[in-house]
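Since the model is a prediction, treat every value here as computed from it, not as a measurement.
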Amino acid sequence: MRNLCTRMRQLLLACLFIVIYSCISYPGYSQTNFLKANGKYITDQNGNEILLRGMGLGGWMLQEGYMLQTADFAGPQHTNHFTVSDLDSLAKWGFNSIRLPLHYDLFTPPIEKEPVPGQITWLETGFTMVDNLLAQCKQRKIYLILDLHATPGGQGKDAAISDYDATKPSLWESEANKAKTVALWQKLADRYKNEEYIGGYDLINEPNWTLPNNSDLKNLYTRIVQAIRTVDKNHLIFIEGNWFANDFTGLTPPFDTNMAYSFHKYWSYNDAGSIKFATDLRDKYNVPIWLGESGENSNAWFAEAIKLMEDNKIGWAWWPWKKIDAIAGTLSVKKPVGYQKMLDYWKGNSTTKPTKTEAVNALKELTDNLLIKNCVIRNDVLDAMFRQVNSDETKPFKKHTISSIIYATDFDMGKNGIAYFDRDIATYQVSTGTYTAWNRGWAYRNDGVDIEPCADVPNTNGFAVGFTEVDEFMTYTVDITQSGGFSADIRYAAASAGAKIQLFSNNSPVTGEIVLPSTGSYNTYQTLTINNLIFYKGVQQLKIKILSSGVNLNYFKIYNPVTIGNIQGKVIEGATNAEGTKMQLFFNKKLWKDKTISASDFKIKVNNTEIAVQSAEYSTESEFAITLSPPANFRYGDVIRLEIICQKLLEFPELLRLKILALIMVFRLKFVPMWAEVKMQLTPMRAIIWITEYKLHKRNNLCSNLG
């Protein structure tokens, strides 16, 4: 019996060894973290939905020339383009996947350079690069999606994308190129069949060739898939449509049980209609879809597009990781002066040929600049891609304190209409047919605010807000360490007279309109000082609003606090709501809300006819405002005379609170036609009442005073 038990245990162990060995070696074995197509969504092997948030590593294994501004003549590759430090940053910022563009010639030579025609030679360079990156991705649990970005012969005539050479047969014109493509995918699949952090195989990036009914594309895809499945049944396969990934004619229904359709999205509206062709595929064929590539637009567009994807449970991969002197990517590579000289010569813009030493030094400096530690991290881009997708709050771009110089370009990060307002915030040229420059200066930041170089002396961060238009604004989170009355220096340039701005704190005005005298040009800066501006202790959101266009803004500075009691109290601004049913008065000091106010405390004359005030109340939106309701709506052109007959409204030392005030003000209603307000999508819509006259007088023999 003992011998029988021993033999049974040995047999069980042998069977267990066989099962384990077969699982490891058999290509159909699946581990927990393999991604798979599970109905309409990508999941892990346990059915948990995985939303891919990825980055395309354009510029590492395949260098598209425009990223290094060499599109006219070269596409150099640099080992410093992506290192472990880049990967750590990518993971820290919130990405969970990488789409890795592969150039076939790192794995196998072109058919024209094969030692034996018709045979395939393998090069270890590309495989080693993938191996090393994959090892690092596994440590950080980041999925690596292999993307054949440049196929043998080229899959389209856009050389920057596919490295197509018109003097040689393309992928579609050569059976040898097709065979090499199929063999390459089989080789890759065999090498990585058991790697669970290979997220999938993106077979051909952006094919763009006239292929009737996409038959040749379908046939090639089918050959590749069949070749992969002979060695690897684990991995998800991504299929891109023709014409830059979005034409899926003839590519349906799905022809593999573990397949997803990958589309690309650039420069179109971010609404359901813009992705309907893709979501229809998902719904009709019960198959996952993936936004395999997108980007190259403004921060506002980024936040819109990613929200659209995530609301529809669609994973995404952005493009690209790094570019030279770029605002629209996560990282910008600083361009050496010597490198610009090389570009100018190579492009024919200069007849001065760099020496060999100059050229070598310039390229060495560029290589050093490619290291992430030497790049400019575009925090505004990252903020738009992650935080702004689900938040309307603003976040400081830089730390600002009272008495420090606050550069106009360092406005808060956040959405258009909240952190800033600009009329041109993105390009939607695919949808509209018209290209729009969202930052007309193409400098410093990727938001809609237009920023251009600035050489103002003595203080500048190198950039200024320019191309300003009416109603545009920027907000700044500022830590005000003490309450007081302050002076403010506005450093600006205006080519002609008539430019106007206004300052706000927490959306309450602290000034009326500020008229800026001409400085003679947009490059000639001068300082305008404004006194007696009241700010209260605490973190405030200061806002500069453009009331009349034609001003460049370098910086502003708030300084020299004095006691608030030394500042004359006054009404800064009045405003109606859009319907003319209410009027708000904004004061320069906080209101004393211990005082109860009523409609009888106010008298209003409209066009010299006295009307009764229906109600009066402290504003719930501002500590500085009172809201009045008239019996009939105000209309454009009305002249309003307001008399305040009540006890003191403003906060002030206790002994002075018994003062009685009587203030007569004449307002003229300024009104922007409502259709224009709707067109500009400004909220809330309102007409503005500017004070044209006010008088102080004595009442009941007591001094009338606002403070």
Side-chain angles (χ1 to χ4, degrees), residues 33-38 40-44 48-60 82 86-101 133-134 136-147 196-202 205 235-236 238 240 245 260-266 270 274-275 278-279 282 288-322 328-331 372 377-391 395 413 415 446:
N33 285 324
F34 281 110
L35 298 183
K36 63 177 292 186
N38 189 348
K40 296 180 181 180
Y41 305 107
I42 296 172
T43 70
D44 62 19
N48 300 308
E49 290 182 18
I50 303 296
L51 187 68
L52 295 170
R53 296 181 174 98
M55 176 57 69
L57 296 191
W60 187 49
F82 197 79
D86 291 84
L87 188 59
D88 285 336
S89 295
L90 187 144
K92 179 180 70 175
W93 293 335
F95 297 95
N96 63 7
S97 55
I98 289 172
R99 179 173 178 252
L100 178 61
L133 178 57
L134 176 60
Q136 298 298 328
C137 286
K138 289 165 65 175
Q139 292 181 22
R140 295 157 180 81
K141 297 184 178 180
I142 290 176
Y143 289 106
L144 183 64
I145 297 168
L146 304 184
D147 151 40
E196 58 187 15
Y197 278 102
I198 290 289
Y201 304 139
D202 189 348
N205 173 71
H235 283 102
L236 179 62
F238 294 100
E240 297 189 28
Y261 288 111
S262 174
F263 67 102
H264 293 184
K265 180 175 169 48
Y266 286 99
N270 289 309
S274 69
I275 58 171
T279 54
R282 177 172 68 180
I289 56 176
W290 176 54
L291 176 58
E293 192 177 301
S294 188
E296 302 288 7
N297 213 313
S298 70
N299 288 340
W301 194 92
F302 290 176
E304 289 174 358
I306 292 174
K307 181 171 177 56
L308 177 66
M309 295 306 113
E310 299 201 352
D311 285 351
N312 285 276
K313 295 186 177 181
I314 301 170
W316 48 267
W318 232 239
W319 186 267
W321 181 237
K322 291 177 183 175
T330 49
L331 295 165
I372 191 171
I377 298 173
R378 297 297 188 193
N379 291 310
D380 56 305
V381 173
L382 292 164
D383 188 71
M385 292 178 66
F386 289 96
R387 189 187 64 84
Q388 291 178 36
V389 172
N390 297 303
S391 175
K395 182 179 179 181
M413 297 183 291
K415 294 180 179 179
N446 196 43

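Partners of K141 by salt bridge (charged side-chain N to carboxylate O under 4.0 Å, His left out), not counting sequence neighbours: none found. Residues forming a side-chain hydrogen bond (donor to acceptor under 3.5 Å, both in side chains) with K395 (at least two apart in sequence, or on another chain): none. Scanning for ring-ring contact (aromatic ring centres under 6.0 Å, His included) contacts around W318 gives F302, W316, with sequence neighbours left out.
The distance from the CD atom of E304 to the CE atom of M309 is 11.0 Å, given to the nearest 0.5 Å. Between the CD1 atom of I198 and the CG atom of L146 there is a distance of 4.0 Å, given to the nearest 0.5 Å. Rounding to the nearest 0.5 Å gives a distance of 3.5 Å between CD1 of I314 and CD1 of I289.
A donor-acceptor contact closer than 3.5 angstrom is absent between the side chains of N96 and R140. Looking only at atom types and distance, the side chain of E293 has a donor-acceptor partner in the side chain of Y266 under 3.5 Å away. Counted by atom type alone, K265 and S274 present one or more donor-acceptor pairs between their side chains at under 3.5 Å. Remark: the N299 side chain and the D380 side chain contain an N/O donor-acceptor pair separated by less than 3.5 Å.
Salt bridge K138/E196: absent, no basic N to carboxylate O contact under 4.0 Å.
Between the side chain of D44 and the backbone N or O of L35, no donor-acceptor pair lies under 3.5 Å. With hydrogens and angles disregarded, no donor-acceptor distance shorter than 3.5 Å links the side chain of D383 to the backbone of N379.
Looking at heavy atoms from C-beta onward, W290 lies in side-chain contact with D202 at the 4.5 angstrom threshold. A heavy-atom distance below 4.5 Å is not found between the side chains of L236 and F34. Counting only heavy atoms from C-beta outward, the side chains of R378 and N446 never approach each other to under 4.5 Å. Put simply, the side chain of T279 reaches to within 4.5 Å of the side chain of I275, judged on heavy atoms. No side-chain heavy atom of S294 sits under 4.5 Å from any side-chain heavy atom of F263. Side-chain atoms of P101 and N205, non-hydrogen and from C-beta on, never get closer than 4.5 Å to each other. Between I98 and L87, the closest side-chain pair of non-hydrogen atoms falls below 4.5 Å.
Using cut-offs of 30° and 60° on the angle between ring planes, the pair Y201 and H235 is tilted. Using cut-offs of 30° and 60° for the angle between ring planes, the F95 and W321 rings count as perpendicular.
Pairing each heavy atom of A317 with each of R99, the nearest pair is CB-CB, 4.3 Å.
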Going through the distances and angles, do T43 and K36 end up as a side chain to side chain contact (heavy atoms under 4.5 Å, CB included)?
-> CA-CA 6 Å; T43 70; K36 63 177 292 186; 3.6 Å; yes

